[in-house]
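Below is one structure, written out as structure tokens, with a few remarks after it.
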Amino acid sequence: MSKVIVIDHPLLQHKLTLLRDKNTGTKDFKQLVKEMSMLMGYEITRDLPLEEVEIETPVCKTKSKAIAGKKLGIVPILRAGLGMVDGILELMPAAKVGHVGLYRDPETLEPVEYYCKLPTDVEERDLIVLDPMLATGGSAIAAIKFLKDRGATNIKLVCIIASPEGVEAVQKAHADVDIYLASIDEKLNDHAYIVPGLGDAGDRLFGTK
């Protein structure tokens, strides 16, 4: 079974409180999502392999540590996942960015794919799937399946908040995918919104309704 890592760093939890507040406007909401994504990036990348390299400091030659040539990919689920990309790229500027476009059918609540563009060497990369909210889990499950169908084998899912139902669904569908979160909330309501949640992340990021 995959791991579920809830990152309880005080800065992250403080920013999450601001993110949830209905009075937080679009500009601040967008900035908070970026900052939280960057903070979560430290935990996401904790297991990156290191190698010893030789460099020359202003004082002398020395051996030091560097990331060992790992190919990384960032895959936001459109559209809300876009808000998390810049924060991750601040830490990993060499990562390639793919995109998966999904929307939730309002009748069936099932995900429908409308776009998928990935790096050509996706099977060689460690992929980080981004979506601020893990509600029913349908979009994340579908996006991960698209990646696996194209050869990806090493995938992590990163969300800011999640419902217990969504976490369980992803673990059941993709037992090999670790999930990184800032919070597991109480439940889903009758409209499949996370409670207490933060509203619709895409609308709040882009000022739409």
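Crowding of Glu113 atom CD: a count of heavy atoms from other residues, nucleotides or ligands under 6.0 Å exceeding 12. For Ile67, the CD1 atom sits in a loose shell: 12 or fewer heavy atoms of surrounding residues, nucleotides or ligands are nearer than 6.0 Å.
Residues Lys156 and Asp176 are not paired through a salt bridge, judged by the lack of any N-O separation under 4.0 Å between the basic side chain and the carboxylate. Using a cutoff of 4.0 Å between basic side-chain nitrogens and carboxylate oxygens, Lys71 and Asp121 are scored as salt-bridged. Asp28 and Arg204 are not joined by a salt bridge, as no carboxylate oxygen comes within less than 4.0 angstrom of a charged side-chain nitrogen.
Taking NE2 from His9 and CG from Leu16, the interatomic distance works out to 14.0 Å, rounded to the nearest 0.5 Å. To the nearest 0.5 Å, atoms CG (Leu134) and CG (Leu157) are separated by 6.0 Å. Note: Tyr180 OH to Leu130 CG = 13.0 Å, rounded to the nearest 0.5 Å. Taking CG from Leu188 and CD from Glu165, the interatomic distance works out to 4.0 Å, rounded to the nearest 0.5 Å. Separation of atoms CG (Asp126) and CD1 (Ile74) is listed at 12.0 Å; rounding is to 0.5 Å. One finds the CG atom of Leu39 at 5.5 Å from the CG atom of Leu12 (value rounded to the nearest 0.5 Å).
A donor-acceptor pair is defined here as one N or O able to donate and one able to accept, closer than 3.5 Å; such a pair exists between the side chain of Gln13 and the backbone of Ile7. With hydrogens and angles ignored, the 3.5 Å screen pairs a side-chain donor or acceptor of Thr57 with a backbone N or O of Cys60. A donor-acceptor pair is defined here as one N or O able to donate and one able to accept, closer than 3.5 Å; such a pair exists between the side chain of Arg150 and the backbone of Phe146. Asp200 places a side-chain N or O within donor-acceptor distance of the main-chain N or O of Gly202, the cut-off being under 3.5 Å. Looking at Ser2, its side chain never comes within 3.5 Å of a backbone N or O of Asp178 through a donor-acceptor pair. With hydrogens and angles disregarded, no donor-acceptor distance shorter than 3.5 Å links the side chain of Thr24 to the backbone of Phe29.
Residues satisfying the salt bridge (charged side-chain N to carboxylate O under 4.0 Å, His left out) criterion with Glu123, sequence neighbours excluded, are absent altogether. Not counting sequence neighbours, the partners of Pro49 by the side-chain contact (heavy atoms from CB on, under 4.5 Å) test are Ala68, Lys70.
Side-chain atoms of His174 and Lys145 include no donor-acceptor pair closer than 3.5 Å. Between Ser183 and Arg20, the side chains place a donor N or O and an acceptor N or O closer than 3.5 Å (distance only, hydrogens not considered).
Put simply, Met133 and Val158 are part of the same group of oily side chains (I, L, V, M, F, W, Y) that touch within less than 4.5 Å, one to the next. Hydrophobic clustering of Ile, Leu, Val, Met, Phe, Trp and Tyr side chains at less than 4.5 Å, counting indirect connections, keeps Leu72 apart from Ile179. Met36 and Val6 fall into different hydrophobic clusters, where Ile, Leu, Val, Met, Phe, Trp and Tyr side chains are chained together by heavy-atom contacts under 4.5 Å. In the hydrophobic clustering of this structure, Leu127 groups with Ile141; members are Ile, Leu, Val, Met, Phe, Trp, Tyr whose side-chain heavy atoms approach within less than 4.5 Å, directly or through other members. Ile5 and Ile184 are not part of a single hydrophobic cluster, where members link through side-chain heavy atoms under 4.5 Å apart.
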| So Val53 and Ile55, side chain to side chain contact (heavy atoms under 4.5 Å, CB included) or not? Walk me through it. | CA-CA 7 Å; Val53 297; Ile55 61 169; 4.3 Å; yes

| query | Does the side chain to side chain contact (heavy atoms under 4.5 Å, CB included) test come out yes or no for Leu102 and Val112, once each step is laid out? | reply | CA-CA 5 Å; Leu102 298 164; Val112 180; over 6 Å; no

| task | Begin from the C-alpha positions of Lys61 and Glu56 and carry the test salt bridge (charged side-chain N to carboxylate O under 4.0 Å, His left out) through to its verdict. | result | CA-CA 4 Å; Lys61 288 185 177 180; Glu56 190 165 352; 5.1 Å; no

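No side-chain heavy atom of Glu168 sits under 4.5 Å from any side-chain heavy atom of Ser163. Using a 4.5 Å heavy-atom threshold, the side chains of Val129 and Ile155 count as touching.
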Enumerate donor-acceptor pairs with a distance under 3.5 Å from any side-chain N or O in residues 75-98 to protein atoms, sequence neighbours excluded.
residue, atom, partner, partner atom, Å
Arg79, NH1, Thr208, OG1, 3.0
Arg79, NH2, Asp203, OD1, 2.6
Arg79, NH2, Thr208, OG1, 3.2

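A pairwise comparison of heavy atoms in Val167 and Ala162 identifies CG2-CB, 3.8 Å as the closest pair. Considering every non-hydrogen atom in both Gly197 and Asp185, the closest pair reads N-OD2, 2.9 Å. In plain terms, the two heavy atoms of Pro119 and Arg125 that are nearest each other are CB-NE, 4.1 Å.
Evaluated for a side-chain hydrogen bond (donor to acceptor under 3.5 Å, both in side chains) with Gln31, the options Lys27, Lys34, Glu35 yield exactly one hit, Glu35.
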